[in-house]
2 protein chains.
Amino acid sequence: MKASRQPLSRQRVLAAAVVLADTHGIQALTMRRLAAELHVEAMSLYYHLRDKEALLDGVVETVIAEFARIDTSGGDWRTRLRQRFLAARDVMLRHPWAPGLLATRRTIPADVYAYYDEIVATLVDAGFSYHLAHRALHAFGSLPLGFAQEIFSPASAGGSMEADAAEADFAAMAEALPHLTAMVAAEVHDSTDPTLGWCDSQVEFEFTLDLLLNGLERLRG
Amino acid sequence: MKASRQPLSRQRVLAAAVVLADTHGIQALTMRRLAAELHVEAMSLYYHLRDKEALLDGVVETVIAEFARIDTSGGDWRTRLRQRFLAARDVMLRHPWAPGLLATRRTIPADVYAYYDEIVATLVDAGFSYHLAHRALHAFGSLPLGFAQEIFSPASAGGSMEADAAEADFAAMAEALPHLTAMVAAEVHDSTDPTLGWCDSQVEFEFTLDLLLNGLERLRG
DNA sequence: ACCTGAACACCGTTCAAGT
DNA sequence: ACCTGAACACCGTTCAAGT
C-alpha cells in the first residue's frame with residue numbers, strides 16, 4: 001500500500017477525476033475529495049494543476065481525447081459525419097456529466113479545434129463553400145460532440161415528466177396542457193433507447209442529425 | 001432609508017436576484033451577497049425560499065415569465081414559431097447568464113410546459129401529427145428558449161478565436177488547422193450582429209432555425 | 001409573521017515549511 | 001522535486017432566539 005504509492009502526475013490526477021465524476025457525480029469532484037481518493041492532501045494537487053478551473057479544463061480535455069480516431073473511410077459526407085458524431089455520442093454516454101461540464105468551460109480544448117477542422121474538411125471536400133460549412137457548424141450545435149441540447153430535466157434520465165404527471169392531478173394537467181398531454185400519451189420513449197436524458201435519446205439525436213444533414217445536402221452548391 | 005424598508009417577499013427577492021446577476025454576473029449571486037443587496041441578513045432569505053436551489057429555480061422562472069405573450073396572429077406555422085423564438089431570444093439577450101443557468105436546473109418551470117404546449121398546438125394545427133410534432137420539439141432543442149448550443153467560449157462574447165489566433169503563432173495554426181483557418185479568414189461575424197457568444201449570433205440563430213423549419217415543412221404530412 | 005446571531009461543515013486557496 | 005499543516009476567506013445551512 002505504502003510501497004505502491006507512485007508520485008502523482010497531471011495525467012493520473014485527471015484520470016482519477018474522471019473516475020470520481022463517473023462514480024459519484026460531478027458534484028463530488030472537489031479538490032479535497034479528489035485528493036483523498038489519491039491518498040494525498042488537497043494541497044498536493046496544486047503542484048500539478050494551477051487551480052480548480054485548470055482541473056475541470058483538464059477533465060473535459062481528457063474526455064474529448066476519448067473521441068477515438070475513427071476511420072473516415074467509405075461513404076459520402078453525410079455518412080462520414082454521422083459516424084463521427086455517433087462515435088462522440090458513445091463517449092458522452094459513458095460520461096453523462098460531461099455535456100454539462102463542457103457547457104461551463106470558457107476555453108476550448110485544443111483537441112476540439114482539430115476535431116472541427118476535420119469536420120470542415122469533410123464538408124469542403126464534398127463541395128461545400130467555406131461559408132456554408134461555417135453555417136453548418138453552427139447548425140450542428142453540440143451534435144458533433146455527441147449530445148443535443150437538453151431542455152427537460154438533465155439530471156433525471158428516465159423522464160420526470162411522467163413522474164410529475166403521475167403525482168399531480170393528471171386531469172388538471174390534461175386541461176392546462178392539452179396538446180402536450182396528448183403528445184406524451186402518444187409518445188413514450190422506448191426504454192431500450194440509450195439516452196442522456198429526457199430530451200436527448202438516441203433516436204431523437206439521429207432524427208435531428210439527419211434532418212440537418214439532409215437540409216444541408218439540399219443547400220450544397 | 002429605514003422607513004422605506006418594506007417587508008421582503010419571494011417576488012422581491014427573485015427580482016433582486018435577476019438584477020444582481022445582470023449587473024455582476026451569475027457567480028455573484030450568493031445568498032449572502034443577495035441578502036446584503038436587500039439590506040438584510042443572509043438567513044432572512046430562508047424565510048422566503050427553501051434553499052439556494054429554490055432561489056435559482058425561481059430566477060429562471062422569473063426570466064421565462066418575461067417571454068411576453070406575443071400575438072400569435074398572422075402567418076403560417078413557420079412565421080408564428082419564428083416570431084415566438086425570436087421574442088424569447090430578445091429576453092435571453094438581456095440576461096446572457098440565463099441559458100447557462102437553465103442548463104443546470106433539474107426541474108422545469110411550469111411556464112415552460114405551457115409554452116411548449118402552445119408550440120405543439122401551432123404544429124398540430126398546421127397538420128403535423130403528434131409524432132412529428134414531438135420530433136420537431138426535440139430537433140428545435142433550445143431554439144424555442146432563444147438560444148443555440150454554445151460550443152466556443154460561452155463566457156467571452158466577442159470571439160476568443162481571433163484573439164487566440166493573434167496571440168499564438170498564426171502560421172502554426174494555419175498549418176495544424178488549415179480548414180478552420182481558411183473558414184475563419186473568410187467568415188468574421190458582423191460586429192453589428194447581436195450575439196450570445198461566438199457560436200450564437202443572430203444570423204446563425206436564424207439560419208439554423210429556418211433550416212429546421214424548412215426541413216420539417218418538407219416532412220409535414 | 002418576519003428577521004437575526006452564533007455556530008457548523010464544507011469549500012478553494014496561500015504560504016511557509018518539511019523531506 | 002514533491003508533498004504537507006496551519007490558516008484564511010468565503011460558502012450554504014441549522015437552530016434557537018429575538019421582535
Can you confirm if the NZ or CZ of A:Arg89 lies within 45° of the ring axis of A:Phe147 and under 6.0 Å from the centre of its six-membered ring? no
Any side-chain N or O of A:His48 less than 4.0 Å from the OP1 or OP2 oxygen of D:dC3? yes
Between P on D:dA1 and CZ on A:Arg10, what's the gap in Å once rounded to a whole number? 19 Å
Using modelled atom types and a 3.5 Å cut-off, is there a donor and acceptor pairing between side-chain atoms of A:Asp193 and backbone atoms of A:Gln202? yes
Residue B:Ser44, side-chain atoms from C-beta onward, closest of D:dC3, C:dC11, C:dT4: C:dT4
Once base and sugar-phosphate atoms are separated, protein heavy atoms under 4.0 Å mark nucleotides 13-19 of chain C, 5' to 3', with B, S and - as BB-----
With sequence neighbours excluded, what pairs up with B:Phe85 under the ring-ring contact (aromatic ring centres under 6.0 Å, His included) test? B:Phe140
Do you know the tightest heavy-atom contact between A:Gly146 and A:Phe205? C-CE1, 3.7 Å
For B:Asp210, check side chain to side chain donor-acceptor pair (under 3.5 Å) against everything at least two apart and list the hits. B:Arg82
How close or far is atom C1' of C:dA9 from atom CZ of A:Arg33, stated in whole angstroms? 15 Å
side-chain hydrogen bond (donor to acceptor under 3.5 Å, both in side chains) contacts touching residues 43-52 of chain A (sequence neighbours left out): none
Paired runs of 3 or more consecutive Watson-Crick or G-U pairs involving DNA chain D, with both pairing distances under 3.5 Å, are C:4-8 with D:12-16, C:12-16 with D:4-8
Could you tell me how far apart B:Tyr47 (OH) and C:dT4 (P) are, to the nearest whole angstrom? 13 Å
Listed pairs under 3.5 Å, donor-acceptor, residues 27-38 of chain B side chains, sequence neighbours left out:
{"from": "B:Gln27", "atom 1": "NE2", "to": "B:His24", "atom 2": "O", "distance (Å)": "3.2"}
{"from": "B:Thr30", "atom 1": "OG1", "to": "B:Arg33", "atom 2": "N", "distance (Å)": "3.1"}

Output the rounded distance in Å from CG (B:Leu55) to P (D:dC11). 14 Å
Minimum heavy-atom separation for A:Ala139 to B:Phe207, with atom names? CB-CE2, 4.3 Å
If I take atom CD in residue A:Glu41 and atom C1' in nucleotide D:dA6, what distance separates them, rounded to the nearest angstrom? 12 Å
